[in-house]
Amino acid sequence: MPDNEIVVVEKLVKVYPGGTTAVAGIDFAVARSECFGFLGPNGAGKSTTMKILATLLKKTSGRAKVAGHDVDRDPTAVRRSVGFAMQEVGLDDLATGRDFLTLQGVLYGLSRGEARRRADELLELVGLASVGGRKVGTYSGGMRRRVDLAAALVHRPVLLFLDEPTTGLDPQGRLAVWEYLQGLSRDGTTIFLTTQMMEEADRLCGRIAIIDQGRIVASGSPRALKAEVGGDVVTVTVDAGGGQGHAAQMARAEALLKERQYVLAARGNGNTLTVTVRDGGAAAPDLLRLLHQHQVSVTNLSVASPTLDDVFFKYTGRKIRAQDASGDEAAQVLRPWLGLGKR
Amino acid sequence: MAFLRETYYLYLRNLRVWVAQPMNVISPLLMAAFFFFLFGAPLSGVTQLPGFPSGDYHAFLAPMVLVQAAVFTGSDLGFAMLTDILSGYFDKLLLAPINRLSILLGNLLVGATRALAQALVILLVALALGVSVRGGIAGVLMVLLLATVFGLAWSSLGLMIAIRTRNVQLTQSTWLLFMPFAFLTTAFMPREFLPRWLQIAVMLNPVNYVLEAVRAIIVQGWEWEVILPGIWVLAAMTVVFTALATWLYRRATV
């Protein structure tokens, strides 16, 4: 259903003047009201794609339609339908939060009075009502993110672009932003976000595309992608009572499990059974019932799911830069100054 | 209609940015005072020289003070736009469904406004120092108009450099580029008093024609032979600079 697709991208290519290919021919679509995520490391082409779709950059070739409008032929119509919170948070430091948002409203066609009311409403929404009269330059990192997000919402866009919406935020600030976004998503706003954070993609997005070196290497729901990695691992600990019967009982249990359709692999070792299944949550009750029927007593059972990290690794052979690496770097730089010496 | 509205609100915003930093307002005034006292006091004796066109050195110097203030406005304005480009605010404006030329015009108009405000203050200081404008009230208005348009032209040049280089150091040092234009003029001495090579440089410098037109209005009155060339040169400069700035701006933002 093309009508249901709010973003349609075909064979999109972006080559920068220096000759660097940032986007090497990607195809994807975003459905109305879904939350779609681009997951990939720095320099994968996430921001470039988003800037093309938001009309800040010209594509080299391919087709891109946003909210029914071609990004080259009708950029103004695209701008009217889209809100974009950029990674580099573009704020006017010398204006107060309220004045900054009011001007945004005016530029999106609201009257001055309407824009002022909308600014107050948005300050309330992102929890900055008490500091609306302060200059933006005095805001903390988290507050800057939130006022920037508010600016992207000023015209009630049907589609929201978020380029790494929580990069550089502390866990608390991150959680607050996630909650706003989940609220918006519930109210029907389509969200297209980029992230380097597995947890973020997992928590917010119904569907993701893994992008690396300008290409989409895999896409689907986080759940389906994780299932492709090889399924969940259920670990069962058995109380076999020791002695002669033990090895036989383990072998019997292993054989029983292997007969089940949803079991991909099963292996016994000591008194632990390691079972790989498609869906651990769904399989666990049946596994328990089966083992119980055959007089195998279970003392412990745990289910572990593969992470999106595993997914990224499967498709690219590399890990996405560890989330807290930047924090570690900062700590390394600071160490000599704090008198801590080298680690 | 929408274009004018957008331009107006962006103009107000840029004006607020300028006024928000008191140094922006104070430093041009300090410069003006500096020129009047530092050059005015020690050099006022030269008016006694035979052939000097004015008996009042402050009157002779006033156009120079006006011109340098407008030239440095251009440099400041380029820096203000660069600040927006680097902070990402400029991109935020580009994302809005507006005619993008309103962003450029909203900046240029602030340059013109600054030049007008500075010219007004400089003229008041000159009047306080006993300078009388021979062109009368109409002459004062004409000087203000010329200073405003001149500010617009140099603001275009400042914005061009900011858009083209996107570099703080380069944009900051544009005033160095502007120096020869402001000083290779008959700012301190009439042309007849200058060495031959300087006379040629002065003749090639478009700024000098504007300077001499302003000086004519103050020192001599409506001396059209001097004023008209100034007006033509200024008009040409303004058209060329704003057209170039618009072209560069469009190329950088499409």
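Residue numbers begin at 1 in each chain, while the letters A, B, ... track the order of the sequences. All figures in this text were calculated on a predicted structure; none of them were measured in a lab.
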Treating Arg5(B) as the side-chain partner and Val106(A) as the backbone partner, does any N or O pair qualify as donor plus acceptor under 3.5 Å? yes
Of all the residues in residues 85-94 of chain B, which have a heavy atom that comes within less than 4.5 Å of a heavy atom in chain A? Ser87(B), Gly88(B), Tyr89(B), Asp91(B), Lys92(B), Leu93(B), Leu94(B)
Other residues, nucleotides, ligands: >12 heavy atoms within 6.0 Å of Leu204(B) CG: yes
Above 12 or not: heavy atoms from other molecules or residues under 6.0 Å from CD of Glu10(A)? yes
Does a sphere of radius 6.0 Å around CZ in Phe183(B) hold more than 12 heavy atoms from other residues, nucleotides or ligands, not counting ones at 6.0 Å or beyond? yes
Does atom CZ of Arg144(A) have more than 12 heavy-atom neighbours from other groups under 6.0 Å away? yes
Is atom OH of Tyr16(A) surrounded by more than 12 heavy atoms (other residues, nucleotides or ligands) closer than 6.0 Å? yes
If you tally heavy-atom pairs under 4.5 Å against chain B, which of His155(A), Glu88(A), Arg79(A) wins? Arg79(A)
Ala95(A) versus chain B, the contacting section by heavy-atom distance below 4.5 Å: neither
Decide yes or no for Leu10(B) and Leu107(A): does some side-chain heavy atom of the first lie under 4.5 Å from some side-chain heavy atom of the second? yes
Taking side chain as C-beta onward, heavy atoms only, is Tyr108(A) less than 4.5 Å from Leu95(B)? yes
Would you give the length of the straight line joining atom OG1 of Thr83(B) to atom CG of Asp93(A), rounded to the nearest 0.5 angstrom? 10.0 Å
Choice from Arg16(B), Arg13(B), Gln21(B) maximising heavy atom contacts with chain A below 4.5 Å: Arg13(B)
With a 6.0 Å cut-off (strictly less than), is the heavy-atom count around OH of Tyr180(A), excluding the residue itself, greater than 12? yes
When only pairs under 4.5 Å are counted, which of Asp92(A), Leu94(A), Asp99(A), Val78(A) shares the most heavy-atom pairs with chain B? Asp92(A)
Using the test side chain to side chain contact (heavy atoms under 4.5 Å, CB included), find all partners of Leu128(A) that sit at least two apart in sequence or belong to another chain. Leu123(A), Val126(A), Val131(A), Tyr139(A), Met143(A), Arg146(A), Val147(A)
